Amino acid sequence: MASPDKGPRVLSADASTAAPASQQTTVQPSDYVTGAWSLYRSVFMTPEGRIVDRENGLVSHSEGQGYGMLIAVASDDQPGFETLWSWTERQLKVRDDNLAAWKWDPTKTPHVTDMNNATDGDLLIAWALLRAYRKWGIREYLRESQAIVGDIVRHATADSPLGKVLLPGVQGFAAVDRSDGPVVNLSYWIFPAIAELGEAMPDLRDLHLEQSGIAMLKRIATSKEKLPSDWTSLAGGNPEPADGFSPTFGYNAVRIPLYLAWGPDVDPKLLRSLGKPWSNEGEAGLAAVDVTTGKYTEPMIGTGYEAIRDVISCSLTGNGSIRRAKRFEISTYFSSTLQILSLMALSERYPQCF
């Protein structure tokens, strides 16, 4: 899961990291991603290929491995990608299906103590593998991506009043598991991944997950809460904060506007609604929001969160400033990751903002 940011470190990079001095006048948007990846890799990736969440006990997650693989492909770093994928296969692909165990803890024996998956991690890994196949032509990557997506469809989706939805994990979130089930996490709707994977894999496309995700977000935007909480119950037909979780737009939900703006079909009105925690910052800056009261509960400090604001602004205006996103700084694993993802979204969808 995402973790609070403890503030940035000194290390930073920009596109000049990726380009020789003689070429700096022709820097491309993708060069910002490559430069940031070089620094990110040196801090968060071990030689064995593990992305380390330093703020949560040096653990690794399927989510982090997927993010790392995705950024490596975008940076044309095939050796880095292969190292990440090899570690993921050896250490996280330990279930009876093709999904990955969600957490690896270096202090535990065995290192995987919970065999449940995290469906966003599986989507990210499958997406990265598909992109790797398209970039480098290694057909085994496509087969692995198809196998993962097939098991997401079979084991990690459920019916709901708003259509087919993603379960956050195979165990623990369906209607048979919880009285308020199904429970979903809307930040697991990685809209660009769902769209690209769906184009290649009809079984996923036919679930119409993009539509169910947008339908939930629109329902929430017109509800008393206005913003999605990290964990959402669909038991009553309308999305509501799930029982047993803080009713907070926080470190999970903060990714929703990024994924929406990165996706193929952007609803400006909906994106503007999701951008309210950035536009109404106040003196404390961006903060987690109690969706039941509208009150800010905890500041989110880090350039990764500010970079998402740049993505929102660029998507809505077509030419917004992206100065926060462009200046990559190492902070926590999560904030640093969000900043590179924001650079990827800007490079792929909004290059004019560079």
Side-chain angles (χ1 to χ4, degrees), residues 18 28-42 44-52 60-102 104 112 117-156 190-205 209 259 262-264 337 340-341 343-345 347-349:
Q28 300 298 313
S30 60
D31 291 329
Y32 287 89
V33 177
T34 304
W37 168 244
S38 178
L39 182 54
Y40 179 99
R41 175 178 172 169
S42 72
F44 296 109
M45 179 177 161
T46 69
E48 296 78 22
R50 182 167 79 90
I51 299 295
V52 179
S60 294
H61 304 102
S62 58
E63 163 207 279
Q65 295 303 116
Y67 284 143
M69 291 166 60
L70 188 67
I71 301 165
V73 177
S75 301
D76 202 19
D77 179 8
Q78 187 172 359
F81 175 88
E82 290 173 347
T83 303
L84 287 160
W85 172 230
S86 178
W87 187 92
T88 303
E89 277 195 297
R90 294 194 315 273
Q91 301 294 339
L92 299 184
K93 298 293 287 295
V94 293
R95 294 167 48 89
D96 292 335
D97 52 31
N98 290 290
L99 307 180
W102 75 279
W104 190 96
V112 173
N117 71 308
T119 304
D120 66 331
D122 295 309
L123 275 173
L124 288 163
I125 292 168
W127 188 24
L129 285 162
L130 177 63
R131 285 189 162 194
Y133 160 68
R134 289 173 170 170
K135 182 176 285 286
W136 299 310
I138 299 175
R139 194 157 190 85
E140 181 62 22
Y141 293 157
L142 175 61
R143 287 192 288 267
E144 293 285 356
S145 180
Q146 290 170 329
I148 294 168
V149 169
D151 278 347
I152 291 173
V153 171
R154 280 185 285 273
H155 305 307
I190 308 169
F191 289 106
I194 292 168
E196 283 187 36
L197 289 166
E199 288 175 359
M201 300 165 204
D203 287 353
L204 181 67
R205 181 196 62 210
L209 290 170
Y259 294 152
W262 195 351
T337 302
I340 300 186
L341 295 177
L343 285 168
M344 288 180 64
S347 173
E348 293 176 11
R349 290 281 281 115

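Because only heavy atoms are used, hydrogens play no part in the values below, and waters and symmetry mates are left out as well, while side chains stay in. Remember, it's a predicted structure, so these values are computed and weren't measured experimentally.
Here the options are E82, E89, R90, the test is side chain to side chain donor-acceptor pair (under 3.5 Å), and the partner is S86; only R90 passes.
Inter-residue side-chain proximity for K135 and R131 is flagged as unmet; no heavy-atom pair is nearer than 4.5 Å. Within the 4.5 Å cutoff, the side chain of T83 has heavy atoms near those of the M45 side chain.
Heavy atoms only, all atoms of each residue included: L343 and A36 are closest at CD1-CB, 4.1 Å. Considering every non-hydrogen atom in both G49 and L84, the closest pair reads O-CD2, 3.4 Å. Across all their heavy atoms, Y133 and I138 have their closest contact at CD1-O, 3.4 Å. Between S347 and V33, the closest heavy-atom pair is CB-CG2, 4.5 Å. Across all their heavy atoms, I148 and N98 have their closest contact at CG1-O, 3.5 Å.
Looking at D77 and R41, a side-chain N of the basic residue comes within less than 4.0 Å of a carboxylate O on the acidic one, giving a salt bridge.
For Y141 and F81, the distance between ring centers is under 6.0 angstrom.
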- [ ] Before giving the answer on side chain to side chain contact (heavy atoms under 4.5 Å, CB included), spell out for I340 and Y32 the whole-Å C-alpha distance, their side-chain angles and the decisive distance to 0.1 Å.
- [x] CA-CA 8 Å; I340 300 186; Y32 287 89; over 6 Å; no
- [ ] Determine, stepwise, if the pair R95 / D151 fulfils side chain to side chain contact (heavy atoms under 4.5 Å, CB included).
- [x] CA-CA 11 Å; R95 294 167 48 89; D151 278 347; over 6 Å; no
- [ ] Evaluate side chain to side chain contact (heavy atoms under 4.5 Å, CB included) for M201 paired with R205, printing each intermediate quantity in order.
- [x] CA-CA 6 Å; M201 300 165 204; R205 181 196 62 210; over 6 Å; no
- [ ] In sequence, state the C-alpha distance, the side-chain angles, and the governing distance for Y40 and T337, and then conclude on side chain to side chain contact (heavy atoms under 4.5 Å, CB included).
- [x] CA-CA 8 Å; Y40 179 99; T337 302; 2.7 Å; yes
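Atom CD of residue Q146 and atom CG of residue L129 lie 10.5 Å apart, to the nearest 0.5 angstrom. Between atom CD of residue E63 and atom CD1 of residue I125 there is a gap of 10.5 Å, rounded to the nearest 0.5 Å. The CZ atom of R50 sits 11.5 Å away from the OG1 atom of T88 when rounded to the nearest 0.5 Å. S62 contributes atom OG, which lies 9.5 Å from atom CG of L99 (distance to the nearest 0.5 angstrom). Separating the CG atom in L130 from the CG atom in L70 is a distance of 10.5 Å, to the nearest 0.5 Å. The distance from the CE atom of M344 to the CH2 atom of W37 is 10.5 Å, given to the nearest 0.5 Å.
Looking at E48 and T46, their side chains do bring a donor and an acceptor atom within 3.5 Å of each other. Under the 3.5 Å distance criterion, with hydrogens and angles disregarded, a donor-acceptor pair is assigned to the side chains of W127 and E196.
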